[in-house]
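Remarks on the structure that follows.
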Amino acid sequence: MSIVDTIKSNPNLKKFVHWTLIPKGQARPRTWVKWFVNPFIHKKGKGATIRRRTRVDVLPFNPFELGDNSTIEDFSTINNGVGAVKIGNGVRIGMSNVVIGPVTIGNNVIFAQNIVTSGLNHGYEDINIPICKQPTTTALITVEDDCWIGANAVLTAGVTIGKHTVIAAGAVVTKSIPPFSIAVGNPAKVIKQYNFETKQWAKV
């Protein structure tokens with residue numbers, strides 16, 4: 001049995017290891033994890049930039065990858081505590097974005113400002129237990145290559161944004177959007193798709 005399996009199979013040991021990585025009741029890793037563990041565990045590509053005022057709440061037990069020539073701008077938050085965050089090459093994550101795993105972002109993707117992308121949901125079903133104490137669920141969000149996500153959009157757990165798709169500013173994506181589409185509104189709906197026969201964007 002590996003050391004990871006040993007930790008996972010022992011609740012008390014798992015709790016202790018978790019405490020050594022993250023202060024109780026917090027989402028941010030301890031300073032020693034940021035300085036002495038994460039640089040050797042996570043992958044940062046050639047020419048990749050994470051701005052100084054970005055909050056990088058990444059831990060060693062889930063992957064974090066930032067591809068070549070990708071940038072995460074100031075005032076953003078990246079969190080892989082409940083799922084991997086994988087960002088491809090040539091990606092621009094604009095100011096004040098929130099990315100909570102599990103999230104996979106392809107290559108040459110543009111995220112504008114103030115976007116929330118969260119693969120995490122809180123349980124609420126039991127009315128006798130505060131929501132904050134109920135189990136969480138996760139579902140992978142996938143943003144395929146060449147997409148543009150507009151300012152103030154929200155991508156909810158489990159959705160896939162198809163290749164070369166535009167999500168309009170302020171849209172709330174609750175269902176997957178097919179490739180080569182333009183989606184707007186709350187909930188987001190496709191209003192245009194690219195027609196490969198006419199080589200034009202056509203209204204749906």
Side-chain angles (χ1 to χ4, degrees), residues 27-29 38 42-59 62-121 138-194 201:
R28 305 188 78 170
N38 286 344
H42 301 304
K43 298 177 182 178
K44 185 178 176 184
K46 184 178 180 181
T49 301
I50 300 175
R51 300 294 185 198
R52 186 169 59 88
R53 293 180 179 86
T54 294
R55 180 169 164 170
V56 185
D57 292 351
V58 297
L59 293 149
N62 284 316
F64 168 62
E65 300 175 9
L66 183 63
D68 295 346
N69 302 308
S70 291
T71 301
I72 302 174
E73 294 290 355
D74 285 325
F75 312 115
S76 293
T77 298
I78 308 296
N79 188 303
N80 75 339
V82 294
V85 175
K86 298 180 179 181
I87 300 171
N89 302 322
V91 175
R92 296 292 177 268
I93 304 293
M95 290 191 295
S96 302
N97 275 252
V98 175
V99 179
I100 300 172
V103 173
T104 297
I105 298 172
N107 301 317
N108 304 310
V109 172
I110 304 168
F111 272 47
Q113 299 78 36
N114 304 308
I115 296 162
V116 176
T117 304
S118 177
L120 166 71
N121 271 321
T138 60
L140 175 66
I141 294 173
T142 302
V143 180
E144 296 181 350
D145 295 349
D146 309 329
C147 290
W148 173 22
I149 313 299
N152 301 302
V154 176
L155 309 184
T156 60
V159 302
T160 294
I161 310 299
K163 182 177 180 179
H164 204 99
T165 284
V166 178
I167 304 299
V172 179
V173 182
T174 59
K175 295 182 179 179
S176 295
I177 305 296
F180 305 100
S181 299
I182 298 174
V184 306
N186 178 9
K189 294 182 179 179
V190 175
I191 61 167
K192 284 186 178 182
Q193 284 189 302
Y194 189 75
W201 291 88

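The closest side-chain heavy-atom distance from I72 to I87 is below 4.5 Å. Residues F75 and R53 have side chains in contact (heavy-atom distance under 4.5 Å, counting atoms from C-beta outward). Between N97 and T117 there is no side-chain heavy-atom pair separated by less than 4.5 Å. For the pair I177 and V190, the minimum side-chain heavy-atom distance is below 4.5 Å. Between I182 and I191 the shortest side-chain heavy-atom distance falls below 4.5 Å. Within the 4.5 Å cutoff, the side chain of V56 has heavy atoms near those of the I50 side chain. Taking the side chain as every heavy atom from C-beta outward, P63 and K86 approach each other to under 4.5 Å.
Of all the heavy atoms in N69 and R92, the pair that sits closest is O-NH1, 2.7 Å. Closest approach of H42 and N62 over heavy atoms only: CE1-O, 3.1 Å. The nearest pair of heavy atoms linking L59 to P29 is CD2-CB, 3.5 Å. Listed here is the closest heavy atom pair of N89 and N107: N-OD1, 2.8 Å. Smallest separation of non-hydrogen atoms from G150 and A112: C-CB, 3.8 Å. The minimum heavy-atom distance linking A157 with L120 is given by the pair CB-N, 4.3 Å.
Side chain of S76 to backbone of M95: no donor-acceptor contact under 3.5 angstrom is found. At distances below 3.5 Å, at least one donor-acceptor pair connects side-chain atoms of S70 with backbone N or O atoms of G88. The main-chain N or O of E73 is found under 3.5 Å from a side-chain atom of T54 such that the two form a donor-acceptor pair. N38 places a side-chain N or O within 3.5 Å of a backbone atom of V58 that can act as its donor or acceptor partner. Side-chain N or O atoms of E144 include one that pairs as donor or acceptor with a backbone N or O of K163 at under 3.5 Å. A donor-acceptor pair is defined here as one N or O able to donate and one able to accept, closer than 3.5 Å; no such pair exists between the side chain of T77 and the backbone of V98. Under the 3.5 Å distance criterion, the side-chain polar atoms of S181 are left unmatched by any main-chain donor or acceptor of A183. Under the 3.5 Å distance criterion, the side-chain polar atoms of T156 are left unmatched by any main-chain donor or acceptor of V172.
Annotation: the span from I161 atom CD1 to I167 atom CD1 amounts to 4.0 Å, rounded to 0.5 Å. I100 CD1 to N121 CG: the interatomic distance, rounded to the nearest 0.5 Å, is 10.5 Å. If you take CZ on R55 and CD1 on I78, they are separated by 11.5 Å, rounding to the nearest 0.5 Å. Note that OG1 of T71 is 7.5 Å distant from CG of L66, once rounded to the nearest 0.5 Å. To the nearest 0.5 Å, the span separating CD1 on I110 from CH2 on W148 amounts to 7.0 Å. Atoms CD1 and CD1, on I105 and I141 in that order, are 9.0 Å from each other to the nearest 0.5 Å.
Under the 30°/60° scheme for interplanar angles, the aromatic rings of F180 and H164 are found to lie parallel.
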